[in-house]
Amino acid sequence: MLIVQKYGGTSVGSIERIQQVAKRVAATCDAGHQVAVVLSAMSGETNRLLDLARQISAQPDARESDVLVSSGEQVSIALLAMVLKEMGYPACSLLGHQIQIETDDAYGRARIKNVQTTRLLNDLKDGTIIVVAGFQGVDARGNITTLGRGGSDTSAVAIAAATQADACEIYTDVDGVYSADPRIYPHAHKLARISYDEMLELASLGAKVLQIRSVELAKRYQVPVHVRSSFTTDEGTWLVQEDQSMEDVIVSGVTSDLDQAKITLQRVPDRPGLAAKLFMPIAQDNVVVDMIIQNASADEKTDVTFTVPKGDVSKALEHVKCASPEIGAGNVVFDAEVAKVSIVGLGMRSHAGVAARMFEVLAAEGINIQMISTSEIKISIIIDAKYAELAVRVLHDAFIPSTELEDQARRL
Ligand code: ASP
Ligand code: MG
């Protein structure tokens, strides 16, 4: 089999850890598999490099920033290849431009367009362990680009897709994807399998296990991804194409996101074009608006409420305050003490009454719902931030049956 293994920053955080990684890679090779390894920079390194650049300028030159931050991965791949060679295994480290991981030219958030596989496949066939720098690529003019924070997940899935690998193993410091954040809810259990679509919802809802783009790519090319811990040999969570049995599970995960703020523009006249006038400048400033609610109008005026990431509140408020007199609206109010709590599951498609049950569970705890939004496999609500943990716990209890075995394992 051809297996791609990706190791994150903590897994390669020291020489000892890199030696542990080498042992696991060697064992996979000894089992008769071809192995391509994709690495992140040693933990903390990318932040350290970004900080150096920020000492020069608040907005360092984008091209040179990518030359700088991509260097972290050059160090980790060289070290791992060295250790493997010391152990007597043929290994070869390769940078993005050496392989030709072709991207667009959006520095700092480039997208992979193509991965050249000739060299990769030839080396793998010869039994060489390929050690690839994650997070980086090269644009059409030969400039180094990077893929955004957490981008080596995406590098790994892209290489697995291009080489048609049998599996893409993502080794990280958590041992899989959980039904809720185990730090908030100790009874959360590890999911053995999850569909790409559910993972996309969970990833965008703040379960920060994988970069979202890596999940999109895995879905598009149907790459089987195995998220697991580099500290144990336990099975983690498989990301797979959905099958019939997955629809039996109504809710597979409950998440909370405290990085949201709510903005309301009151008494917006009910006329065509005004929502566009309000949201266009916000979008042009690259602020990602999440939930939007507009009520049916009373006396031809309506309140418009929406949420943005906390870090973008002041930018968004500026635009709203500027637009308000122009469109003849009223006051602007905002609240940063909110949380978005969501339930995600494929089974929602075919089961009625999931939302009603969710609201009932929250009502029983006296939790007031401020906003609601739904998709085919997700229901999200905005509530007062101080109830976030309580909401996760009661929703988990209500929707996700606890499995005895896992509870027992956890107690041991
Ligand atoms: N080293 C990069 C980062 O810290 C990429 C990665 O680790 O996935 O974001
Ligand atoms: Mg990561």
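Keep in mind that this is a model prediction, so the values were computed, not measured. Each ligand, and each atom within it, is numbered from 1 in the order the structure gives.
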Ring geometry between F279 and F306 (parallel below 30°, tilted from 30 to 60°, perpendicular above 60°): perpendicular

Plane angle bin for H396 and H189 - parallel if under 30°, tilted between 30 and 60°, otherwise perpendicular: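 Rings of H189 and H396: perpendicular, over 60°.
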
Residue that, paired with T145, satisfies side chain to side chain donor-acceptor pair (under 3.5 Å) out of D139, D105, T103, D104: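 In the set D139, D105, T103, D104, the residue that makes a side chain to side chain donor-acceptor pair (under 3.5 Å) with T145 is T103.
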
Closest protein heavy atom to atom 8 (O) of ligand 1, given as residue, atom name and distance to 0.1 Å: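 Checked against all protein heavy atoms, atom 8 (O) of ligand 1 sits closest to S152 OG, 2.4 Å.
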
Sub-4.0 Å heavy-atom approach of G150 to ligand 1: yes

Any G151 heavy atom less than 4.0 Å from ligand 1: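 The answer is yes, since G151 has a heavy atom less than 4.0 Å from ligand 1.
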
Cation-pi check, R17 onto F231 ring (under 6.0 Å, within 45° of axis): yes

R228 with D175: basic N within carboxylate O range, under 4.0 Å: no

Per-atom contacts, ligand 1 versus S40 - under 4.0 Å to a heavy atom: 6 (C), 7 (O), 8 (O)

Shortest reach to atom 1 (N) of ligand 1 by a heavy atom, considering only E73, Q136, R149, Q211: E73

Sub-3.5 Å N/O-N/O distance, G148 and ligand 1: no

D153 N/O to ligand 1 N/O under 3.5 Å: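 No, there is no polar N/O contact under 3.5 Å.
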
Side-chain donor or acceptor of T128 paired with backbone N/O of L124 under 3.5 Å: no

